[in-house]
Amino acid sequence: MDVLDFVTKNLNPAQKDAVETLEGPLLILAGAGSGKTRVLTHRMANMIGQGVAASDEILCVTFTNKAAKEMEHRIYKILSDMGAVVQTQLWISTFHSFCVRVLRQHITLLDYKPFFGIYDSSDQLSQIKKVMTALDINDKMYPAKNFQSRISSAKMMGLSPEGLEKSSKRLMDQKTVEVYKAYEREMKKANSLDFDDLLLKTYDLFRMYPDVLQMYQKKFRYIMVDEYQDTNHIQYLLVQMLASAHRNLCVVGDEDQSIYSWRGADIKNILDFEKDFRDAKVIKLEENYRSSANIVNGATAVIKNNSQRKDKTLFTSNDPGDLIHVREEKNEYEEGRFVAKTIQSMMNEGEGSYNDYAIFYRTNAQSRVLEEQLRTMGIPYRLVGGVRFYERMEIKDMISYLKLSINPADDIALKRIINVPARGIGKTTIEKIEEYAAHKNLSMFEAAEKACEERLFNAGTTGKIRRFIDLMKDLQQNAQHLKLLEFFAVVLDRTEYLAALKKDESPESQARIENLEELDNAIAQFVQERGEESTLISFLEEMALVNDVDSLDQEQNSVTMMTLHISKGLEYPYVFVVGLEENLFPSARSAESDNEQDVEEERRLAYVGMTRARQKLWLTYAKMRRVWGQEQFNPPSRFIKEIPQNLIDFKTSAEAPRFMARYGSSSYDSDFGGTPKWGATSSDRNRARTQSYDDAQDFPDYENDGAGSAPFSKGMRVRHPTFGVGTVYATEGTGENFKVSVMFTDNTVKKFVVKYARLERV
DNA sequence: TCTCCGAGAGTTTTT
DNA sequence: CTCTCGGAGA
């Protein structure tokens with residue numbers, strides 16, 4: 001069969017057009033579930049099959065490693081079905097992985113060594129703290145985290161310390177520049193790059209060495225970028241650079257699914273693509289094949305409330321399916337129980353397997369209660385994200401040993417494990433080594449060695465340090481010639497890390513040993529997958545860049561739980577989105593923000609979550625939820641209200657109120673419960689109960705309060721005679737003990753007993 | 001130098 | 001509420 005016929009069969013006209021358009025700038029606006037991956041893979045197969053480009057002349061950038069793997073898999077499938085032979089490896093990867101690959105080749109030009117290490121954000125934070133100590137900057141007045149985020153955003157804008165200096169004049173920024181500069185020096189000394197560096201240094205490389213850039217421009221004659229709406233500025237610059245020569249750039253995205261602006265993603269990249277490339281062809285994929293019609297229509301109605309979007313409407317010819325289930329519960333425990341019970345009874349009726357169910361939430365903290373409820377019902381589940389595997393202490397420790405074995409300059413790794421397990425090398429000694437290193441401009445490893453030679457420590461300490469240095473030298477040697485798995489066993493053994501854990505018989509140690517076993521399994525699996533390529537360096541790379549979704553395998557039969565963010569790109573037949581409450585989803589920060597765009601991003605998140613569902617969708621919220629041990633009463637999320645009522649099946653299990661709310665007028669119930677237009681399955685009784693929607697603070701405890709004694713609720717603007725104007729951040733207690741926490745303009749939070757504080761509403 | 005305890009901070013989201 | 005960090009005492 002003809003290649004073109006083959007790759008375009010079973011495609012709709014828009015999809016077909018996208019697959020056939022190979023030359024020039026192309027923008028594909030792909031709504032949720034519109035067959036985006038299908039188009040990308042078929043387009044690539046089309047190029048290769050027709051011989052327009054060889055498989056290693058196409059660069060395809062995706063957002064996650066999982067997406068990359070998936071795409072690679074599918075392309076191989078199509079190509080082999082077509083009878084085409086692929087000689088060379090495909091370049092499908094994330095920006096970060098792509099950059100690592102480039103940098104391993106060329107980073108010597110930037111005066112780094114090719115075996116550079118990669119720092120994750122906690123390593124980065126340690127490095128910043130180290131720098132701050134050296135600069136004698138008080139970390140109480142200037143939190144290290146602030147510097148971290150400022151440095152990160154500077155890097156994402158493509159700014160060096162000098163560039164940052166020029167672009168700003170504020171006080172904190174002066175300090176930031178100072179820290180940034182010192183941080184860069186330290187990172188270079190440690191021969192390590194942070195996440196942002198991977199992109200920035202590649203950009204620098206291309207900028208400073210046009211011949212290298214040209215080589216890649218010539219090589220990658222076709223470029224495709226997936227999830228273009230979530231690219232940040234530096235990624236944008238990289239893409240522009242690589243594509244500028246041939247302009248065969250195809251970007252795919254959905255502005256309605258841009259949910260990473262907090263990480264520097266710039267939605268303008270996709271909105272302005274047609275300005276960047278005047279001759280760009282635009283193709284819209286608007287037919288959703290994934291979800292039942294009620295879900296598509298509900299999600300569409302929600303996203304329509306955003307202003308920052310292109311004119312694009314999702315439609316479907318699928319059956320209407322179930323109405324969207326909206327469920328009100330008393331508190332977060334009841335909410336969890338409802339989810340667990342629903343899954344259980346559906347399973348009893350033979351609906352799908354556990355794999356077909358997913359639960360999404362806004363914040364990781366919400367998972368705890370849900371887990372509890374699933375466990376009591378005996379429902380198997382797995383968490384994606386949260387405390388990541390490689391962020392656990394014992395894993396980070398072992399990784400630090402591995403890192404230090406190939407990159408002795410890695411001071412952060414050294415500091416982490418020099419006394420783990422305890423070797424009697426204490427804080428004072430470490431500080432001395434650090435000082436000495438700074439003084440002599442050596443790495444701490446070198447400094448420790450030198451300090452021993454020069455007898456800077458007493459005999460006992462010197463012996464301890466010597467033993468550590470010998471250990472590391474031994475490991476460094478072994479790292480050179482041992483196979484990955486063997487080496488790992490050697491490290492576990494010689495560092496006596498495992499032995500120390502085994503000696504301690506606490507359950508925590510037991511868990512740690514199990515985690516190390518899991519790490520061993522991970523290495524074994526890595527070796528199996530990569531074969532020849534499974535070096536220590538490549539493994540550490542994988543550990544740094546691959547997140548948990550990437551390893552999410554569908555094999556084991558269990559319910560999946562994750563944050564809404566991670567859910568992007570996935571789909572499940574049955575989806576629960578929990579915690580749809582104001583100040584949680586949308587988050588308090590965005591809801592209070594004056595910037596309407598913050599709420600729009602939350603709305604996109606809601607859109608992403610809803611459109612993951614193929615057949616059935618539940619949206620749940622709790623009237624009361626404990627946050628930081630405090631009870632919070634938040635009204636249902638505005639996003640629920642934005643769904644047309646004829647698409648909703650509303651049920652509540654929460655008690656109807658005994659009396660109407662006394663304070664805090666509810667603007668909510670007026671257009672929610674009050675409107676008599678419920679979905680067909682809602683009974684009149686449900687309708688009556690909807691009244692309980694109104695202000696959630698209608699609890700009997702308040703009955704004795706004098707009217708107007710505490711007219712404060714979350715989000716309210718108040719004035720205090722001494723502290724000025726602020727926003728109510730949280731409330732607690734009742735009656736005389738009714739307290740409010742107020743965040744003032746300088747970001748300080750103060751707690752007041754309302755009865756005594758002279759607070760007034762603004 | 002290590003261990004234990006108390007204070008204080010933190011929750012958005014992660015390649 | 002829960003985790004982390006820093007300080008004091010053994």
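All values below come from the heavy atoms of this structure, side chains included, with hydrogens, waters and symmetry mates left out. Every chain is numbered from 1, with letters handed out A, B, ... down the list of sequences.
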Subject >> Residues A:Asp197 and A:Tyr112: side-chain donor-acceptor under 3.5 angstrom >> reply: no
Original post:
Hey, does the side chain of A:Asn364 come within less than 4.0 Å of B:dT13's phosphate (OP1/OP2), counting only N and O?
Top reply: yes
**OP:** Would you kindly give the CD-to-P distance between A:Gln148 and B:dT13, to the nearest whole Å?
**Re:** 14 Å
**OP:** Ignoring hydrogens and angles, state whether a donor on the side chain of A:Thr363 or A:Gln366 is under 3.5 Å from an acceptor on the partner side chain.
**Re:** yes
Original post:
Which part of the nucleic acid, if any, lies within reach of A:Thr429 when heavy atoms closer than 4.0 Å are counted: base, sugar-phosphate only, or nothing?
Top reply: sugar-phosphate
Original post:
Looking just at side-chain N and O atoms, do A:Asp397 and A:Tyr497 make a donor-acceptor pair shorter than 3.5 Å?
Top reply: yes
Original post:
Between C:dG6 and B:dT11, how far is it from one C1' atom to the other, in whole Å?
Top reply: 23 Å
Original post:
Going by ring centres under 5.5 Å and near-parallel planes (under 30°), is A:Tyr260 stacked on B:dT13?
Top reply: no
**OP:** Please report, rounded to the nearest Å, how far the C1' atom of B:dT11 is from the CD atom of A:Gln366.
**Re:** 10 Å
Subject >> Non-hydrogen atoms of A:Glu227 and A:Phe63 that approach each other most closely >> reply: CG-CB, 3.6 Å
Original post:
A:Thr428 side chain N/O closer than 4.0 Å to the phosphate oxygens (OP1, OP2) of B:dT1?
Top reply: yes
Original post:
Just checking, is any N or O donor in the side chain of A:Ser122 or A:Lys396 under 3.5 Å from an acceptor N or O on the other one?
Top reply: yes
**OP:** Could you verify whether a donor N or O on one side chain and an acceptor N or O on the other, from A:Gln124 and A:Gln148, lie under 3.5 Å apart?
**Re:** yes
Original post:
Looking for any heavy atom pair under 4.0 Å, which part of the strands does A:Asn419 touch: base, sugar-phosphate only, or nothing?
Top reply: sugar-phosphate
**OP:** Would you mind reading off the distance between A:Arg604 atom CZ and B:dT13 atom P, rounded to a whole angstrom?
**Re:** 18 Å
**OP:** For B:dT13, take OP1 and OP2 only and decide whether either is under 4.0 Å from a side-chain N or O of A:Ser587.
**Re:** no
**OP:** Report the nucleotide, chosen from B:dT11, B:dT1, B:dT14, that has the shortest atom-to-atom distance to any side-chain atom of A:His565.
**Re:** B:dT14
Original post:
When you check the phosphate oxygens OP1 and OP2 of B:dT14, does a side-chain N or O of A:Thr563 lie under 4.0 Å from one of them?
Top reply: yes
Subject >> Separation of C:dA8 P from A:Lys427 NZ (nearest whole Å) >> reply: 10 Å
Original post:
If you find the nucleotide of DNA chain B closest to A:Val627 and the one closest to A:Arg263, which residue's nucleotide is nearer the 5' end?
Top reply: A:Val627
**OP:** Have a look at A:Val578 and tell me which of A:Val369, A:Leu370, A:Leu584 forms a side-chain contact (heavy atoms from CB on, under 4.5 Å) with it.
**Re:** A:Leu370
Original post:
A:Phe585 near the nucleic acid: base, sugar-phosphate alone, or nothing, with a heavy-atom cut-off under 4.0 Å?
Top reply: nothing
Subject >> Over all atoms of both residues, closest heavy-atom pair of A:Ser121 and A:Phe195 >> reply: N-CE1, 4.3 Å
Original post:
Rounding to a whole Å, what distance do you find between A:Gln124:CD and B:dT14:P?
Top reply: 17 Å
Original post:
When we call it a touch if two heavy atoms are under 4.0 Å apart, what does A:Glu601 touch: a base, just sugar-phosphate, or nothing?
Top reply: nothing
Please tabulate, one pair per line, each protein N/O and nucleotide N/O from nucleotides 3-5 of chain C that are separated by under 3.5 Å, including the distance.
unit_1, atom_1, unit_2, atom_2, d
C:dC3, OP1, A:Arg368, NH2, 3.4

**OP:** Using whole Å, report how far CZ of A:Arg589 lies from C1' of B:dG10.
**Re:** 10 Å
Original post:
Whole-Å distance between B:dT14 C1' and A:Lys145 NZ?
Top reply: 13 Å
Subject >> Atom pair distance, as rounded to whole Å: CG in A:Asn146 and P in B:dA9 >> reply: 14 Å
